[in-house]
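Since the structure comes first, as structure tokens, the remarks are kept for the end.
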Amino acid sequence: MSVMEMRMVRWMSGVTREDRIKDEYVKGSIGIASIVDKMSENRLRWLGYVMRREETSAVRVVMKMNVEMKRGRGRPKKRWLENIENDVKAFGLCIEDVKDRDKWRFKTSSPSQIDKNTKVFISPNRYAVLNTDEDSILITPSTSTSEDLDRPPQKDHNAKPVPPPIHIKNIFNFSAFNTVLKNITGPNGFTCKSTPSYLIVQPTDKRTYNAIISHLHETSASFHSFTPPSHRTYRVVIKNLHNSTLHTDFTSALTELGHSVKSIYNAKNRNNCPLPVFFVDIRQQDNNNNIHDITSLLNTIVKIEKPIKKRCGPPQCHNCQDYGHTKNYCNHEAQCVICGENHLTIECSKDQNSPTKCALCANDHTTNFKGCPVYKAAFKKTDHPAKGSDSNTYQKTISYAEATKNHQNVHAELKITDILSSFISNLNSLITPLISLLPSVLKALTSNSIP
């Protein structure tokens, strides 16, 4: 039983014996109770159920029944009562506690691995190779000793979320900029990394992040960041609710159920007609997943699901038109998606007959064109499934028959070649003796024709 359990636990954690990680670390990382303990817990709970019944009940009579029979050779199998005696000793229980059901259930509950404070390990990030240079989050180098390297890493369940990185443009004097940030956040308040396009600043906590963002706004710096973990919302799709439902009623109904609504959006079709579908963003709470259990809202039978992510490429900022971030946390100079000038798209006054211009590659197309070489390069970095660059359609999937078609043709050509070669060799074997007899035949004919 224990061997099977460890095989399943290693399979769930993605650890093999080649990784040379002890069983105690693997069990501690999963944080689940042992199968043997759960079996003992179920036996003891059934014992409590039996002992709380009356003396004349069938289960009590059968438990005390002694069957006289001859056992076979070898070590006899353990009886249920023998296992119960071992479980009672292992858990340190007293039979008198059976009468109190809550106390008995509390004492017979098997502890999890987290309650036992066992050793844990952190598996390596096998997808780190997919990170790009500009998207990677910097971590302050650790000053670990050889003893720390020998000790398996511990999982910190109370670790604070790391704030998002800040991508800054047009830094001409890094020494002066570094000195200013040190005065604002302290000597160890951030780390930096340079790329061809940006200087990436990684704050260590929320306080330093807010301080750096405030300084960049005051100096009108060109930068962008991402949504902090504390500000991210949980989005759901609520279906079958009438499209004329007021957002105030919507918010009040969800607030009564313990959910804090941030925004509501009514979906529309291509003809701009409202649909009975609402996208709702709720603030992060411990009960976010419970919203999927709601089946009725405002006297309407509803269905709540997670939204389907259709994006197949990097996000594009509607402010600076660059890829990899959104306009919510963008402080770069605005650029028009139509003419490429330094203004917002809604302020564009370009004539429809004049040619368009891309703000990223300066070619004669709009900035959101999927055939733009800048988009192709950004799309290639994200390593998404192949998608047509000039047309917004996926490439056709090749079937097994089409994939093996060329191989079948090659085999057919080889087969025909073999037949022709064998035919020619057979024909040659027939013609060769005839040719050798041809001179004698001609000589005989000429001798008979002379008088």
Side-chain angles (χ1 to χ4, degrees), residues 125 127-139 161-172 174 177 190-203 209-210 212-213 216-217 220-233 235 281 307-346 356-363 365-390 392 394:
N125 184 10
Y127 302 98
V129 295
L130 301 180
N131 293 338
T132 59
D133 293 337
E134 297 185 0
D135 296 336
S136 59
I137 298 178
L138 301 179
I139 301 175
V162 180
I166 305 172
H167 296 236
I168 309 173
K169 272 186 178 181
N170 303 329
I171 299 296
F172 303 105
F174 174 74
F177 181 75
F190 65 93
T191 55
C192 294
K193 181 181 179 181
S194 297
T195 64
S197 303
Y198 300 99
L199 173 67
I200 305 177
V201 178
Q202 176 62 56
Y209 173 81
N210 294 333
I212 295 174
I213 290 293
L216 294 176
H217 278 295
S220 300
S222 178
F223 71 95
H224 73 265
S225 186
F226 307 93
T227 307
S230 58
H231 295 172
R232 293 172 186 170
T233 58
R235 170 165 285 195
D281 292 330
I308 301 175
K309 296 182 180 180
K310 294 185 177 181
R311 178 181 293 169
C312 189
Q316 184 176 17
C317 178
H318 293 170
N319 178 52
C320 68
Q321 309 305 327
D322 201 359
Y323 293 98
H325 64 279
T326 59
K327 68 174 183 179
N328 296 331
Y329 291 87
C330 177
N331 201 52
H332 297 296
E333 188 176 9
Q335 290 182 310
C336 180
V337 71
I338 302 174
C339 65
E341 300 296 334
N342 296 331
H343 58 78
L344 295 175
T345 304
I346 58 176
T356 59
K357 181 181 178 181
C358 178
L360 301 178
C361 66
N363 292 331
H365 58 78
T366 57
T367 312
N368 58 356
F369 177 54
K370 302 306 179 184
C372 177
V374 178
Y375 172 80
K376 291 180 180 180
F379 186 85
K380 188 177 181 180
K381 278 186 178 181
T382 54
D383 195 18
H384 285 285
K387 185 178 181 181
S389 56
D390 296 333
N392 296 328
Y394 287 101

message: Could you go through Gln202 and Val162, starting from their C-alpha distance and side-chain angles, then the distance that decides it, and tell me whether this counts as side-chain contact (heavy atoms from CB on, under 4.5 Å)?
response: CA-CA 9 Å; Gln202 176 62 56; Val162 180; 3.3 Å; yes
- prompt: Where do Phe174 and Ser194 land on the side-chain contact (heavy atoms from CB on, under 4.5 Å) test, with the steps shown first?
  reply: CA-CA 10 Å; Phe174 174 74; Ser194 297; 5.7 Å; no
- request: In sequence, state the C-alpha distance, the side-chain angles, and the governing distance for His325 and Cys320, and then conclude on side-chain contact (heavy atoms from CB on, under 4.5 Å).
  value: CA-CA 10 Å; His325 64 279; Cys320 68; 3.4 Å; yes
field: Step-by-step side-chain contact (heavy atoms from CB on, under 4.5 Å) determination, His332 to Asp322
entry: CA-CA 10 Å; His332 297 296; Asp322 201 359; over 6 Å; no
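Note: Phe226 and His224 have perpendicular aromatic rings, judged against thresholds of 30 and 60 degrees for the angle between ring planes.
In terms of heavy-atom proximity, Asn368 sits nearest to Val337 at N-CG2, 3.7 Å. Of all non-hydrogen atoms in Thr367 and Tyr323, the two that sit nearest each other are O-OH, 3.6 Å. Across all non-hydrogen atoms, the minimal contact from Pro163 to Pro229 is CA-CD, 4.5 Å.
Contact check for Cys317 versus Thr326: no side-chain heavy atoms found under the 4.5 Å cut-off. Counting heavy atoms from C-beta on, the side chains of Pro373 and Asn363 come closer than 4.5 Å. At least one side-chain heavy atom of Pro203 sits less than 4.5 Å from a side-chain heavy atom of Ile166.
With rounding to the nearest 0.5 angstrom, the CG atom of Leu344 is 12.5 Å from the NE2 atom of His318. For the atom pair NZ (Lys357) and OG1 (Thr366), the distance works out to 14.0 Å, reported to the nearest 0.5 Å. A distance of 10.0 Å separates CD in Gln335 from NE2 in His343, rounded to the nearest 0.5 Å.
Of the possible polar contacts, none joining the Thr227 side chain to the Arg232 backbone as a donor-acceptor pair under 3.5 Å is found. Of the possible donor and acceptor atoms, one in the side chain of Gln316 sits under 3.5 Å from a partner among the backbone N and O of Gln321.
Shown here are the side-chain hydrogen bond (donor to acceptor under 3.5 Å, both in side chains) partners of Ser225, two or more places apart in sequence or in another chain: Tyr209. For Asn331, the side chain to side chain contact (heavy atoms under 4.5 Å, CB included) partners two or more places apart in sequence, or in a different chain, are His217, Phe223. Among residues two or more places apart in sequence or in another chain, the side chain to side chain contact (heavy atoms under 4.5 Å, CB included) test is passed with Asn170 by Phe172, Ser222.
For Phe369 and Tyr375, the distance between ring centers is not under 6.0 angstrom.
Shown here is Lys327, whose NZ atom has no more than 12 heavy atoms of other residues, nucleotides or ligands within 6.0 Å.
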